[in-house]
Amino acid sequence: MKPYPFTAVVGLPDLRLALVLSSISPAVGGVLVRGEKGTAKSTMVRALAGLLPGVDVVDGCRFSCDPAAPDPLCPDGPHDGASGHRRPAKLVELPVGAAEDRVIGSLHLERALAEGVTDFQPGLLAAAHRGLLYVDEVNLLHDHLVDTLLDAAAMGRATVEREGVSVSHAARFVLIGTMNPEEGELRPQLLDRFGLTVEVASSRDPEQRVEVVRRRLAYEADPDGFAAQYAEDDARLAAEIEAAQRLLPAVKLPDDALRQIAEVCASFEVDGMRADIVTARTAVAHAAWAGRDEVTTEDVRVAARLALPHRRRRNPFDAPGISEEQLEQALQDAQPPEPGPEDDGPGSGSTPEEAPQEVPPGDAPQRQQPQQQQNGGQQKTVGAGETFKAKVFRVKGTGEGERGRRSRAITDSGRTIGVQPPSVRDGRPHLVATVKAAAPHQKARGRDGAALKLRPEDLRYALREGREGNLVLFCVDASGSMGAKARMREVKTAVLSLLLDAYQRRDKVGLVTFRGAEAELALPPTISVDAAASRLEGLPTGGRTPLAEGLLEAARVLRVEEIRDPRRRPLLVVVTDGRATSGPDAVARAQAAAGLLTGVTTIVMDCESGKMRLGLAADLAAHLGAEHVPLADVAAESLASAVRARTGRVA
């Protein structure tokens, strides 16, 4: 079945342009496509491969060397005088759960030790050389694999080093990643490594939505016939891309354009110089796409719109985007002065007549105050203050959870602390232990030379210690007794700071709130901390205190997560003044609910204030077997420190 045609996709002009420019100049650094589910992100990427020109490759080379300029370090080389053939450009898809060896390739350790032969099995990076490498849900990929991909894309080479043996091969490809921000963000340093970024969303225009459905149904009914309708358009676009690739080396980047690029990047206060370099490369590619042999202001404008939005983010709570007005002002400031009268002739750097006036979401205030909710008694919403850098806390003991940056755990990477039991045959081989296991049997195996005679049962695998991510579940009292403005602002600021720390350390977070007569799972456990921040910021207060219901809901969530994600160890943070005022026997029911959580590491943050204090939060902590932290004795920063101290002291 033929893939959905590229030119048949309705709308998405920015995504279409970004993919084309990256195809014209792979040096741009690839494209990150951010958007909600069901917006044709994957469809467009898979269709792009059919538009790329074919490539000439050496016959029998697993690394797609060019016969005209073969890689001198190719593991299958040398290729001097080798014959070649032409094949279509490849689209290689990288699964989210792929192991490192599958991505970069692997060495046959047994042959390397026994025969001294470098037997390298190429991975996905080798398969993607001179083509496209597509990572769907790139934000769910392990950080070390994202680093590996981006390093290879930037350097044009992939290197595998194991036990003193090193193999390197060319790996030049167009890297394209797609992601749904609701499922979590990439770290800023990884965002910066993508050349371009595009935000996509489904159209709200009924006519356009109708056309999307009409075309999709037609494609599903007759894929080949539907593709044939757009074959001419696809062929025309492919020819234009190939022509732009031929023109690219001849495009000039004048000093005036370079000055504009520098002015724009400085105006938006982006970190480092990568933004300038990527913007320059993108502007050159856009000029080639437009058929020009010199970069103009329009090329710089388009390049900045694609290369800068994701580089302006300072923390995960910031939305990407740039101000069109600020961009136009920066371009205008960089224009050289024109001779003659101020209004003499065109070309004076004036802004376009129809420059956009709307400020995109990325330039709105960091966290806008949401509208009041309407459920459950008198309500008021209090915003948070400025977040602060939180101290690190770690769950006690050693886990075996998902790779992260929080607590000590046995992982498939990190420092080697020992050897796995012989029955465990997973991970990277341990060279010394393998040699020790094989040495006593060499005489019986008839060893007669320098080569070591190995058998599969001799292989021993390293036991490695790294870091894991945890589940931090917040259970927040939003009743009327918590409604004091200063107190709620302090609590929200502390929790937001913990969320920021959780983002940096790859934790999973969840939010349970209780007020009125019931508890609510305001945010199911997720790695999207910006979603948690949004829910917390708009949290209203008011009504009675259903403490028992809040604890029961927290216990339910933790039970479900233990089944769904058993390797991620939890920390429960209960933020309350300890009062229980909703329903009959409220206090007794709360104590009974606490008994369901005694096996969970828990902290009770006491938010009670005033001269007359009942000490109910301390009683709750005793029933939970938790640490009691009086909020009245500490500032908001100390609240965060207490959370970390609870588990950090025993690490």
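These figures come from a predicted structure and were not determined experimentally.
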Atom NE2 of H79 and atom CG of D66: how far apart are they, to the nearest 0.5 Å?
10.5 Å
Between T197 (side chain only) and L32 (backbone N and O only), is there a donor and an acceptor less than 3.5 Å apart?
yes
Given 3.5 Å as the limit, does a donor-acceptor pair link the side chain of H310 with the main chain of F194, or not?
yes
Taking V9's backbone N and O only, do any of them form a donor-acceptor pair with R16's side chain (distance below 3.5 Å, no angle check)?
yes
Electrostatic pair D293-K252, nearest N-O below 4.0 angstrom:
no
Under a 3.5 Å threshold, yes or no: a donor from one side chain and an acceptor from the other, between H85 and D56?
no
Dump the intermediate steps for side chain to side chain contact (heavy atoms under 4.5 Å, CB included) on L48 and I176, then the final yes or no.
CA-CA 11 Å; L48 178 65; I176 303 174; 3.9 Å; yes
Polar side-chain atom of D299 near backbone of T296 as donor-acceptor pair, under 3.5 Å:
yes
Expected output: side-chain S22 to main-chain A18 donor-acceptor under 3.5 Å:
yes
More than 12 non-hydrogen atoms from neighbouring residues, nucleotides or ligands closer than 6.0 Å to CG on D59, yes or no?
yes
Within the 4.5 Å heavy-atom criterion, are P95 and V103 side-chain neighbours or not?
no
Show the nearest heavy-atom pair for residues R87 and H129, with the distance to one decimal.
NH2-O, 4.1 Å
So, does R215 use its side chain to make a donor-acceptor pair with the main chain of A8 at under 3.5 Å?
yes
Check V270 against L308 and note the closest heavy-atom contact, atom names and distance.
CG1-CD2, 4.3 Å
Evaluate the side-chain proximity of T178 to V138: yes if any heavy-atom separation is below 4.5 Å, no if none is.
no
Would you call L175 and V135 a side-chain contact if the rule is heavy atoms closer than 4.5 Å?
yes
Under the criterion side chain to side chain contact (heavy atoms under 4.5 Å, CB included), I'd like the reasoning laid out for C265 against M273: C-alpha separation, chi angles, the key distance, then a yes or no.
CA-CA 9 Å; C265 292; M273 295 299 298; over 6 Å; no
I want to check something: taking the side chain as every heavy atom from C-beta on, are R157 and D71 in contact at a cut-off of under 4.5 Å?
yes
For a 4.5 angstrom cut-off between non-hydrogen side-chain atoms, does V251 reach E294?
no
Nearest-0.5 Å distance that lies between atom CG in L133 and atom NZ in K90
12.5 Å
For the residue pair F226 and Y4, is the inter-centroid distance of their aromatic rings smaller than 6.0 Å?
yes
Quick one, K41 with D136, criterion salt bridge (charged side-chain N to carboxylate O under 4.0 Å, His left out). Give me CA distance, side-chain angles, the key distance, then yes/no.
CA-CA 9 Å; K41 302 186 298 293; D136 193 13; over 6 Å; no
Are T43 and R216 packed together at the side-chain level, in the sense that at least one heavy-atom pair is separated by less than 4.5 angstrom?
yes
Just by distance, do the side chain of Q245 and the backbone of S23 share a donor-acceptor pair under 3.5 Å?
yes
V28 and L196: CA distance, side-chain angles, deciding distance, side chain to side chain contact (heavy atoms under 4.5 Å, CB included) verdict
CA-CA 8 Å; V28 164; L196 311 179; 3.6 Å; yes
C74 backbone acceptor or donor facing H169 side chain under 3.5 Å
no
Would you kindly say whether T297 and Q260 are connected by a side-chain donor-acceptor distance under 3.5 Å?
yes
Should R236 and E232 be marked as a salt bridge (charged side-chain N to carboxylate O under 4.0 Å, His left out) after you check the CA-CA gap, both sets of side-chain angles, and the distance that decides it?
CA-CA 6 Å; R236 184 183 305 109; E232 184 176 344; 3.4 Å; yes
Could you report the tightest heavy-atom contact between P309 and A304, atom names first, then the distance?
CD-O, 3.8 Å
When you measure from the side chain of R34 to the backbone of M179, do you find a donor-acceptor pair of N or O atoms at a distance under 3.5 Å?
no
Hey, mind stepping through E468 and R567 against salt bridge (charged side-chain N to carboxylate O under 4.0 Å, His left out) and telling me if it holds?
CA-CA 9 Å; E468 68 175 1; R567 301 175 61 200; over 6 Å; no
So how far is it from R281 CZ to L253 CG, rounded to the nearest 0.5 Å?
11.5 Å
Going by heavy atoms in the side chains, are L91 and Y134 under 4.5 Å from each other?
yes
Looking only at heavy atoms, which two atoms of A238 and L51 are closest? And how far apart?
CB-O, 3.2 Å
In Å and rounded to the nearest 0.5 Å, what is the OG1 to CG distance from T159 to L73?
9.0 Å
Is any side-chain heavy atom of R130 closer than 4.5 Å to one of V57?
yes
Check: R172 side chain, A170 main-chain N or O, donor-acceptor pair, under 3.5 Å
no
Between V198 and V200, is a side chain to side chain contact (heavy atoms under 4.5 Å, CB included) present by the stated rule, with each step listed?
CA-CA 6 Å; V198 178; V200 297; 3.9 Å; yes
Separation between CG (D224) and NZ (K2), nearest 0.5 Å, reads 6.0 Å
Please find the pair of heavy atoms, one from A171 and one from L125, that lie closest to each other, and give the distance.
CB-O, 4.1 Å
Contact summary for G60 and D76, nearest pair of heavy atoms:
O-OD2, 4.0 Å
Drop me the distance from L19's CG to I241's CD1, to the nearest 0.5 angstrom.
9.0 Å
